[in-house]
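Quantities reported herein were computed from a predicted structural model and do not represent experimental measurements.
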Amino acid sequence: MAVDSTKWGIIYCPKGGLFSNPKKRWLRIESCLKDNGIDYDKIVSESTGSVDRLVNMLINNGYKTIVIVGGDSALNDAINCLMQTPKDIRDKVSLGIIPNGMMNDFAHFWDIEEDNIEQTIKGLKEHRVRKIDVGCVRYKNKKGQNCHRYFVNCVNVGLIAAIMNLKRQTHHIFGSRSLSFIFSFVLLIFQRMDYRMDIKINGEEIKRKVMTVCVGNALGYGQTPNAVPYNGFFDVSVVYHPGITQIFEGIYLFLKGEFLNHNAVHPYRTKDVYIEAKDSAFVGIDGRLLTTPPTGEFNIGIIPEAINFIMP
């Protein structure tokens, strides 16, 4: 039976870590929902990868407002589920987020902070919707099968994808974004620093060793700080391999939010990118490593105004 079109469908993705308390976190969210008179049904995502199934269930049951209480990975799963539905159905669904993940970069783009639950829910209640762009990575896996994956924040190829993976793993241990970030950079010394890549962008071909590439639809974890998910373009940062002293300078500028000022960073703005990573480089999509890495050249393209996003 179809539900009231004003009722929210909430998918709660509990956050792990030694210092997290999922029950306490939800009680605070629940209290704010009640204070704002929100009519909702909640379902809990018990495992990684269940979000897409739950989003599909909510859509099939007629929910028009779906709110993800989770991070970038959970939002990515929801986006991929929505993009698989027919456009006429997708256009009737609005997607919102209450940040509750290991990485919440897309929420940070909209100035949504993890601890400001009250303001976030009040903003979601106003239901100010904006069409946002979605990126798509198209590639072949090791079996030669055509695959694709959608994203809203960024695609990382190379070193930063490896760091994001380390950050995710250390966050499981520490439960603290700051601690996991620091330890990820400490572990940086054990990572490969450059990868042979062929990159085609805006008619230019780059064939050389590259430390990392970020194709950003939004902040890109600080690597594409000027990107916005509603102008029909990606911002791209291609980082050549700097000297060891320049790496520490790059980390400093990254932490200050001035990443593009480093002389090893080469920025572009484009609608599509072609990349062939010849050294089995890590590929991360919205902070999560691609489990079936591409073989040969893969394409990253943009789909303008694909999703209804609720701005808080």
Got [X] and [Y] here, is their nearest side-chain heavy-atom distance under 4.5 Å?
X	Y	result
Ile11	Val55	yes
Asn217	Val134	no
Asn156	Val213	no
Ser45	Leu54	yes
Ser94	Phe309	no
Val129	His127	yes
Leu289	Val283	no

Could you state whether [X] and [Y] fall into the same hydrophobic cluster, counting links through intermediate Ile, Leu, Val, Met, Phe, Trp or Tyr residues with side-chain heavy atoms under 4.5 angstrom apart?
X	Y	value
Val238	Tyr274	no
Leu82	Met57	yes
Tyr150	Ile59	yes
Phe233	Leu219	no
Tyr63	Ile307	yes

N/O donor to acceptor pairs below 3.5 angstrom from side-chain atoms of residues 31-39, sequence neighbours left out:
residue : atom : partner : partner atom : Å
Asn36   : ND2  : Cys32   : O            : 2.8

Inspect the contact between Glu276 and Lys200 and indicate whether a charged nitrogen and a carboxylate oxygen are less than 4.0 angstrom apart. no
Roughly how far apart are [X] [atom1] and [Y] [atom2], rounded to 0.5 Å?
X	Y	atom1	atom2	value
Arg208	Ile199	CZ	CD1	9.5 Å
Ile310	Leu124	CD1	CG	6.0 Å
Asn226	Asn231	CG	CG	10.5 Å
Asp115	Thr120	CG	OG1	10.0 Å
Met102	Arg288	CE	CZ	10.0 Å
Asp198	Glu297	CG	CD	8.0 Å

Output, in order, the C-alpha distance, side-chain angles, deciding distance and verdict of side-chain contact (heavy atoms from CB on, under 4.5 Å) for Arg28 and Glu118. CA-CA 9 Å; Arg28 184 180 168 193; Glu118 293 83 357; 3.3 Å; yes
One pair to check against side-chain hydrogen bond (donor to acceptor under 3.5 Å, both in side chains): His108 and Glu114. What are the steps and the verdict? CA-CA 9 Å; His108 293 161; Glu114 291 91 326; 3.3 Å; yes
Trp8 six-ring face occupied by Lys125 cation (under 6.0 Å, within 45°): no
Please assess Phe151 against Phe234 for the test ring pair (Phe, Tyr, Trp, His ring centres under 6.0 Å), listing each intermediate value before the final yes or no. CA-CA 12 Å; Phe151 65 96; Phe234 295 128; 5.7 Å; yes
Test side-chain contact (heavy atoms from CB on, under 4.5 Å) applied to Val239 and Leu159, step by step: CA-CA 10 Å; Val239 184; Leu159 182 64; over 6 Å; no
Donor-acceptor pair, [X] side chain versus [Y] backbone, under 3.5 Å?
X	Y	result
Thr212	Val157	yes
Asp41	Gly9	no
Ser237	Gln223	yes
Asp235	Val215	no
Asn104	Ala107	no
Asp286	Val152	yes
Asp72	Phe106	yes

Check against ring pair (Phe, Tyr, Trp, His ring centres under 6.0 Å), Tyr139 and His148: CA-CA 6 Å; Tyr139 62 99; His148 65 274; 8.6 Å; no
More than 12 heavy atoms of other residues, nucleotides or ligands under 6.0 Å from CD of Gln84: is that the case? yes
Can you pull out every salt bridge (charged side-chain N to carboxylate O under 4.0 Å, His left out) where at least one residue sits in residues 45-58? Sequence neighbours excluded, please. none
Pairs meeting criterion salt bridge (charged side-chain N to carboxylate O under 4.0 Å, His left out) with involvement of residues 129-155, two or more places apart: Asp77-Arg149, Asp91-Lys131
Stepwise, does the side-chain contact (heavy atoms from CB on, under 4.5 Å) test hold for Asp272 with Ile302? CA-CA 7 Å; Asp272 51 53; Ile302 198 161; over 6 Å; no
Minimum heavy-atom distance between Asn56 and Cys81, given as atom pair plus value: N-SG, 3.5 Å
Go through the steps to decide whether Ile275 and Phe298 satisfy the test side-chain contact (heavy atoms from CB on, under 4.5 Å), and finish with yes or no. CA-CA 6 Å; Ile275 300 175; Phe298 57 97; 3.8 Å; yes
Assign the ring pair Trp26 / Tyr40 to parallel, tilted or perpendicular, where the plane angle (0 to 90°) is split at 30° and 60°. perpendicular
